[in-house]
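Here's the structure we're looking at; comments come further down.
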Amino acid sequence: MPELPEVEVIRRGIAPHIEGRRIVSATVRNSMLRWPVPGDLGLKIGGVRITKVSRRAKYLLFESGEAALILHLGMSGSLRLISVTAAVPPGKHDHVDFVLDDGTVLRFRDPRRFGAMLWETGDVMQHPLLAKLGPEPLTETFTGDLLYKQTRGRSVSIKQLLMNNSVVAGVGNIYANEALFHAEIHPMTPAGRISLSRYRKLVQAIKDTLNLAIEAGGSTLRDFVNSEGNPGYFQQQYFVYGRTGQPCRKCGVEIRQARQGQRSSFYCPHCQK
DNA sequence: CTGTTCTCCTGTGGGC
DNA sequence: TGCCCACAGGAGAACA
């Protein structure tokens with residue numbers, strides 16, 4: 001699933017091919033994503049020049065002067081660029097195509113259709129999906145001091161807190177688990193009972209794991225044009241995620257799995273307290 | 001406000 | 001080899 005690092009790597013991969021280009025047309029074959037793709041998307045986006053491809057949390061934003069396309073890859077979404085000469089026929093789950101003014105096609109595929117594609121005029125950051133997001137984890141506004149202040153008196157578990165996008169944007173299940181392991185914090189610890197120094201360590205762990213993943217993805221990044229599969233997706237060497245029953249990479253004790261809010265948590269019972 | 005539960009969807013993998 | 005089914009999960013919506 002595309003986590004924040006994958007989305008960022010995808011953004012970096014496609015931006016050079018899209019920024020400065022005009023979108024000639026859009027073809028929507030299946031509009032039933034998480035929310036319906038606007039029926040008049042093609043009319044609205046046709047002729048629009050994309051000046052910038054940016055990211056907020058796990059949302060990709062294709063910005064023009066006065067409007068923006070908001071794109072979320074959900075669980076199974078992917079983007080690929082197809083050159084005009086390749087003429088690849090769309091597959092079953094290729095729901096949307098954008099034709100650029102150089103003939104390139106940007107194709108959105110999403111088998112599970114948890115993704116989203118919306119059009120917002122005006123200031124895109126005022127869109128309800130984006131307006132209430134917390135700080136970006138990789139910016140300096142996201143600090144241990146902030147998390148500490150924000151969590152006094154709160155009983156929610158730290159793992160679930162990290163996955164709350166209004167607290168910090170775009171930290172998903174994998175990186176919440178991984179960061180808690182590196183910070184040596186048990187995922188079920190109530191957020192209000194964690195000290196300032198531990199929050200500082202946790203925030204650093206979040207930044208480090210995300211940055212490491214982005215670097216790993218960037219280093220293996222292939223060209224997005226005419227590439228098969230899902231360029232931008234990459235398999236990380238995880239410390240706890242998906243490693244139930246396997247030995248902890250630090251101490252050898254078996255990694256445990258538990259359920260927190262309908263979501264799997266993975267942790268080392270020896271390293272994380 | 002807080003915290004919890006529900007919901008959308010389909011590919012994958014384990015069991016038999 | 002084929003079939004069945006639990007499971008996975010981002011995150012907004014709904015609810016207590």
Side-chain angles (χ1 to χ4, degrees), chain A residues 1-8 10-11 28-37 55-61 70-79 90-96 108-118 120 124-137 147 149-180 187-194 206 210 213 228-230 232-233 235-236 238 240-246 255 257-266:
Chain A
M1 62 242 75
E3 292 271 338
L4 186 149
E6 279 90 345
V7 176
E8 177 59 22
I10 289 167
R11 186 193 70 76
V28 181
R29 295 184 200 83
N30 185 348
S31 64
M32 296 310 287
L33 303 183
R34 178 161 191 185
W35 297 284
V37 178
R55 178 188 59 74
R56 179 77 169 104
K58 294 179 193 168
Y59 291 95
L60 283 171
L61 309 174
I70 301 172
L71 208 157
H72 198 292
L73 299 173
M75 285 269 318
S76 58
S78 62
L79 290 170
K92 181 182 176 185
H93 301 296
D94 291 332
H95 305 313
V96 183
F108 174 74
R109 170 180 299 187
D110 187 7
R112 294 187 194 178
R113 291 189 274 122
F114 277 20
M117 195 173 288
L118 299 168
E120 171 75 357
V124 67
M125 292 306 174
Q126 297 308 308
H127 190 280
L129 291 174
L130 306 179
K132 291 172 186 169
L133 290 172
E136 280 293 316
L147 266 193
K149 279 183 205 151
Q150 215 170 333
T151 51
R152 292 313 87 189
R154 294 193 63 177
S155 62
V156 69
S157 73
I158 183 60
K159 163 80 185 316
Q160 289 176 285
L161 183 98
L162 290 181
M163 294 181 64
N164 181 341
N165 278 329
S166 65
V167 174
V168 54
V171 176
N173 197 32
I174 294 176
Y175 292 95
N177 278 300
E178 291 294 303
L180 284 168
M188 292 179 189
T189 311
R193 296 212 206 115
I194 295 176
I206 291 168
L210 291 175
E228 298 292 328
N230 295 315
Y233 288 23
Q235 198 58 45
Q236 285 279 121
Y238 299 127
V240 287
Y241 183 79
R243 298 196 64 245
T244 311
Q246 296 177 52
I255 299 301
Q257 180 172 356
R259 222 56 196 159
Q260 284 183 280
Q262 330 293 93
R263 203 95 321 148
S264 286
S265 292
F266 304 89

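Residue numbers start from 1 in every chain, and the chains themselves are labelled A, B, ... in the order their sequence lines are given, proteins ahead of strands.
The two residues A/G172 and A/K58 have their closest heavy-atom pair at CA-NZ, 3.6 Å. Closest of all the heavy-atom pairs between A/V168 and A/L162 is CG1-O, 3.6 Å. The two residues A/I194 and A/R152 make their nearest non-hydrogen contact at O-NH2, 2.8 Å.
The closest donor-acceptor contact from the side chain of A/S157 to the backbone of A/Q160 lies under 3.5 Å. Checking side-chain atoms of A/N177 against main-chain N and O of A/F266 turns up a donor-acceptor pair under 3.5 Å.
Contacts of A/Y241 with the nucleic acid, taken as non-hydrogen atoms under 4.0 Å apart, involve only primed sugar atoms and P, OP1 or OP2.
Contact between the side-chain N/O atoms of A/R113 and the OP1/OP2 oxygens of C/dG9 is not found at any separation under 4.0 Å.
In A/R193, the CZ atom is not crowded: 12 or fewer heavy atoms of neighbouring residues, nucleotides or ligands sit closer than 6.0 Å.
A stem is defined here as three or more consecutive Watson-Crick or G-U pairs, each with both distances under 3.5 Å; for DNA chain B these stems are B:2-16 with C:2-16.
Contact footprint of chain A on DNA chain B: nucleotides with an atom under 4.0 Å from a non-hydrogen protein atom, first to last in 5' to 3' order, B/dG3 to B/dG11.
For A/S265 and A/R259, the side-chain atoms include no donor-acceptor pair closer than 3.5 Å.
With rounding to the nearest 0.5 angstrom, the CG atom of A/N164 is 10.0 Å from the CG atom of A/L133. Note: A/K159 NZ to A/T189 OG1 = 12.0 Å, rounded to the nearest 0.5 Å.
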(request) Report, as a single string ordered 5' to 3', how protein heavy atoms within less than 4.0 Å touch nucleotides 10-16 of chain C: B base, S sugar-phosphate only, - not at all. (result) BBB----

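Between A/S157 and A/R112, the one whose closest nucleotide on DNA chain B sits nearer the 5' end is A/S157.
Just one residue in the list A/V28, A/D94, A/V37, A/L73 forms a side chain to side chain contact (heavy atoms under 4.5 Å, CB included) with A/F108, and that residue is A/L73.
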